[in-house]
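What follows is one structure encoded as structure tokens, with my remarks underneath.
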Amino acid sequence: MNFESYVKVLSISKILSANDTGETGGHQAGILIPKTGEILPFFPQLGIETKNPRAKLRFIDSSEEEWDFMFIYYNNKFYNGTRNEYRLTGMTAFIREYNLKAGDKIILSRESDGRKLIKHERSQTNDSESVLKLGSSWKVVKI
DNA sequence: AGCCATGCACCG
DNA sequence: CGGTGCATGGCT
């Protein structure tokens, strides 16, 4: 038994980009997973032994609905390509279900029993476009 | 490193 | 044949 190898990171989150939600018109091929030491250990280890390795992950959302996402390591950099990044694909149905937009956040977490949960959080100032265009002296005030 | 974009295969 | 997602290239 090797307790050290057991996953230590139990909860991660990501703010959706415009491309993640499909707002840019791109055929969405999955949200990008940053290669930081915090985020990556949450997912199964995928190496460069094989090209574009993947693992199917089942998540349960706040309404007990199950979602199967595919965690893929696009590593063709090591196979005469230029890619070297991780993506979580197959999320468009989920994004659509909850009408998530750029700036919104998804939270992935793992229970001690191994179940994986997915939650979402709408951005506070839920007007990603106008917020970006606001002058610096303007603020959105909630009444 | 991360986000944007697209050709193609597949499937209804 | 239109939508979807993979795999990949490109841009910032």
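Quick note on labels: first sequence line is chain A, next is B, and so on, each numbered from 1. Keep in mind it's a predicted model, so treat the numbers as computed, not measured.
Here chain A contacts DNA chain C (any atom closer than 4.0 Å to a heavy atom, that is under 4.0 Å), and the contacts span C:dT4 to C:dG10 from 5' to 3'.
Applying the salt bridge (Lys or Arg N to Asp or Glu O under 4.0 Å) test to pairs two or more places apart or on separate chains, those with a residue in residues 87-96 of chain A are A:E85-A:R87.
At whole-Å resolution of the value, CD1 in A:I33 and P in B:dG2 are 10 Å apart.
Among the protein residues, A:N84 comes within range of no part of the nucleic acid, since none of its heavy atoms lies under 4.0 Å from any strand. Contact annotation for A:K14: backbone-only contact, meaning every heavy-atom pair under 4.0 Å involves sugar-phosphate atoms and none involves a base.
Applying the side-chain contact (heavy atoms from CB on, under 4.5 Å) test between A:L88 and each of A:I106, A:D20, A:L108 identifies A:L108 as the sole match.
With a 4.5 Å cut-off between side-chain heavy atoms of Ile, Leu, Val, Met, Phe, Trp and Tyr, the cluster of A:M70 takes in A:I72, A:Y74.
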B/S/- along nucleotides 4-12 of chain B (protein heavy atoms under 4.0 Å) is BSBBB----
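A:Y86 is linked by a ring pair (Phe, Tyr, Trp, His ring centres under 6.0 Å) to A:F71, A:Y73, counting only residues two or more places apart in sequence or in another chain. Every residue meeting the ring pair (Phe, Tyr, Trp, His ring centres under 6.0 Å) condition with A:Y98, not counting sequence neighbours, appears here in chain and number order: A:F94, A:H120.
One distance of note links CD1 of A:I33 with OG1 of A:T89; it measures 10.0 Å at 0.5 Å rounding. To the nearest 0.5 angstrom, A:R122 atom CZ is 6.0 Å from A:N99 atom CG.
Comparing A:G81 and A:T89 along DNA chain C, the residue whose closest nucleotide (by nearest heavy atom) sits nearer the 5' end is A:T89. Both A:T82 and A:A93 lie near DNA chain C, and the one whose nearest nucleotide falls closer to the 5' end is A:A93.
A side-chain donor-acceptor contact under 3.5 Å links A:N75 to the backbone of A:T50.
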